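Only a predicted model underlies this, so the values are computations on that prediction, with no experimental measurement involved. All heavy atoms count here, side chains included; hydrogens, waters and symmetry mates do not. Labels below follow one simple rule: chain letters A, B, ... track the order of the sequence lines, proteins then strands, and each chain is numbered from 1.
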Number of protein chains: 2
Amino acid sequence: MSETTEQAAPKPKRPSRARRREEILAAATRVFGSKGYHQGSLGDVAAQVGITHAGVLHHFGSKDKLLWEVLEYRDRVDVQHLEGKHIPGGLELFRHLAVTARLNAERRGIVQAYAVLTGESVTDGHPASTWVAERFTVLRGEISQAVRDVAAERAVTLPEGEPERAAAAVIAVMDGLQLQWLLDPEAVDLAAATAFAIESILTATLGTTVRITEAAD
Amino acid sequence: MSETTEQAAPKPKRPSRARRREEILAAATRVFGSKGYHQGSLGDVAAQVGITHAGVLHHFGSKDKLLWEVLEYRDRVDVQHLEGKHIPGGLELFRHLAVTARLNAERRGIVQAYAVLTGESVTDGHPASTWVAERFTVLRGEISQAVRDVAAERAVTLPEGEPERAAAAVIAVMDGLQLQWLLDPEAVDLAAATAFAIESILTATLGTTVRITEAAD
DNA sequence: TCGGGCTTACTAACCAGTAAGTAAGTGTGG
DNA sequence: CCACACTTACTTACTGGTTAGTAAGCCCGA
């Protein structure tokens, strides 16, 4: 065993480790998305990649750990289309949110996964609750900062706590619209309603008309 | 002494039927609220009223039927504080929504139950999905009508589809804020944020300032 | 040949729903 | 007014199903 232990398995000819894990993560996203975490079983996930549930456990150890990696996987996919750019600030952030909503209307699965897991996470002792709570905290921070930036840009002074309230409202409206859209896609135009709501909140908060959609599109 | 027994509705000696059912419904609301429908078992519900799970089934037949009655129970409790008055229209409706949010901040359990079940309901074939979807439809109808009423009152002409978009946004923001509040009550002032968001959406929609909160309360 | 990927086989727990029995009530005929 | 018939509210015990997780071994590729 001289140089044998050194091979880090970089070129996978076999659908090995990394690749299989990705397959499983994608399958788990679909399963947890369509059935929820508690109702979606390891067997369901395993079946989608053509192995047994024990095979899944071989890669992820436990169902909880699999969930955690699914959540991080979603983040990775989400950030991916930003192409390395960090999350924008100011008005650009809100345009980004509107664009995300438009993209989401074409990715029902991932939206459903997010909605189901977020809803489930408010149950006692749910393994995803800290992840979701932290996610909300981070988002509120980023969005309220963007509100402050836009306000400064337009020389508007905001009352204490207003940026935070606006940030919470923006996140809330996005999540809530996703729920309604998932249950009745015909009744709610996810992209339009989201853009409308964000503009409304910003306009009312800043006291001046804010547009985040491109003209004539 | 005219023992003509005019006992129309005598007091039952036993905590019979109706009473027990209410106890179970209250318990089920707590259980489904704190653990979700799938994760909350009939045994959990039964334990809270000091009977066995078979006893619960004696009263409700199946877990699905119990859920249905829980949902209707919530509606009954919700409408109850309106004291027989029908749901108001126009601006009054939005004030009512803000008041409800304020009340909700004191009834974590029922808010949690609603949030959990709504989230769960977007999973495939969930027994509550039609109930939730219908609820959203009805609410959107009522709220969009109220928007139209207020617009007419103020002689504002709204673009096609705007009342519906505003209605969806109002419902969305209420649900979304509940989620954030449940996960982090310190970070979100449910009553204030809800009132703020509703005012924002109405103000932006109608183009004139709308106030729904009482001055100095 | 060796180790990682995976399977088969199993365990222990849990769950909804059924069935049958019991005890405590209610209604009624004599 | 009481005995007997019946109903109601529940229990215990069980069935059939599903689940996460464990253990041990097989197979294949490098």
Side-chain angles (χ1 to χ4, degrees), chain A residues 1-25 27-28 31-32 35-70 120 123-128, chain B residues 3 5 7 9-25 27-28 31-32 34-70 120 123-128:
Chain A
M1 39 183 82
S2 38
E3 67 261 291
T4 46
T5 45
E6 200 46 310
Q7 56 202 151
K11 318 289 152 95
K13 283 183 181 176
R14 247 207 308 207
S16 78
R17 199 91 204 158
R19 229 226 245 283
R20 251 295 197 260
R21 283 174 58 97
E22 282 245 357
E23 277 180 34
I24 295 172
L25 285 174
V31 170
F32 292 160
K35 317 229 280 186
Y37 172 71
H38 287 302
Q39 201 61 10
S41 72
L42 291 177
D44 294 334
V45 175
Q48 290 216 9
V49 292
I51 61 176
T52 63
H53 89 275
V56 173
L57 285 172
H58 168 71
H59 285 285
F60 292 92
S62 78
K63 199 188 181 188
D64 274 29
K65 283 185 197 147
L66 174 60
L67 173 62
W68 266 93
E69 301 227 27
V70 164
E120 253 187 314
T123 59
D124 302 337
H126 195 281
Chain B
E3 52 192 343
T5 55
Q7 43 187 185
K11 303 292 173 189
K13 291 174 186 177
R14 252 205 308 206
S16 76
R17 197 93 206 158
R19 224 222 251 284
R20 247 305 193 249
R21 282 175 57 95
E22 282 245 358
E23 279 180 33
I24 295 171
L25 284 175
V31 170
F32 292 161
S34 63
K35 316 229 281 188
Y37 172 72
H38 286 301
Q39 201 60 9
S41 72
L42 292 178
D44 294 334
V45 175
Q48 290 216 9
V49 292
I51 59 177
T52 63
H53 90 274
V56 173
L57 285 172
H58 167 72
H59 286 285
F60 291 92
S62 76
K63 199 188 179 188
D64 274 30
K65 284 184 197 146
L66 175 60
L67 173 63
W68 266 91
E69 301 227 27
V70 164
E120 252 187 314
T123 59
D124 304 336
H126 194 280

Carboxylate-amine/guanidinium proximity below 4.0 Å for A/E23 and A/R20: yes
Nearest to side-chain heavy atoms of A/I51, which nucleotide of C/dC15, C/dC6, D/dC10: C/dC6
Nearest to side-chain heavy atoms of B/H53, which nucleotide of C/dA16, C/dA19, C/dT8: C/dA16
Approximate separation, where rounding is to 0.5 Å, of A/R21 CZ and A/H59 NE2: 8.0 Å
Heavy-atom closest pair, residues B/A46 and B/H53: CB-N, 3.5 Å
Sidechain-backbone polar pair: A/Q48 side chain, A/V31 backbone, donor-acceptor under 3.5 Å: no
Euclidean distance, atom CZ of residue A/R17 to atom C1' of D/dC28 [Å, nearest integer]: 17 Å
Sugar-phosphate only, base, or nothing, as touched by A/T52 at under 4.0 Å among non-hydrogen atoms: base
From A/K63 atom NZ to A/H38 atom NE2, the distance as rounded to the nearest 0.5 Å: 7.0 Å
Between P of D/dT18 and CD of B/Q39, the distance in whole Å: 17 Å
Short side-chain N/O contact to D/dC10 OP1/OP2 from B/R20, under 4.0 Å: yes
A/K65 side-chain N/O to A/L57 backbone N/O, donor-acceptor pair under 3.5 Å: no
Any residue of residues 56-70 of chain A with a heavy atom less than 4.0 Å from an atom of DNA chain C: A/H58, A/H59
Separation of atom CZ in A/R19 from atom P in C/dC6, rounded to whole Å: 13 Å
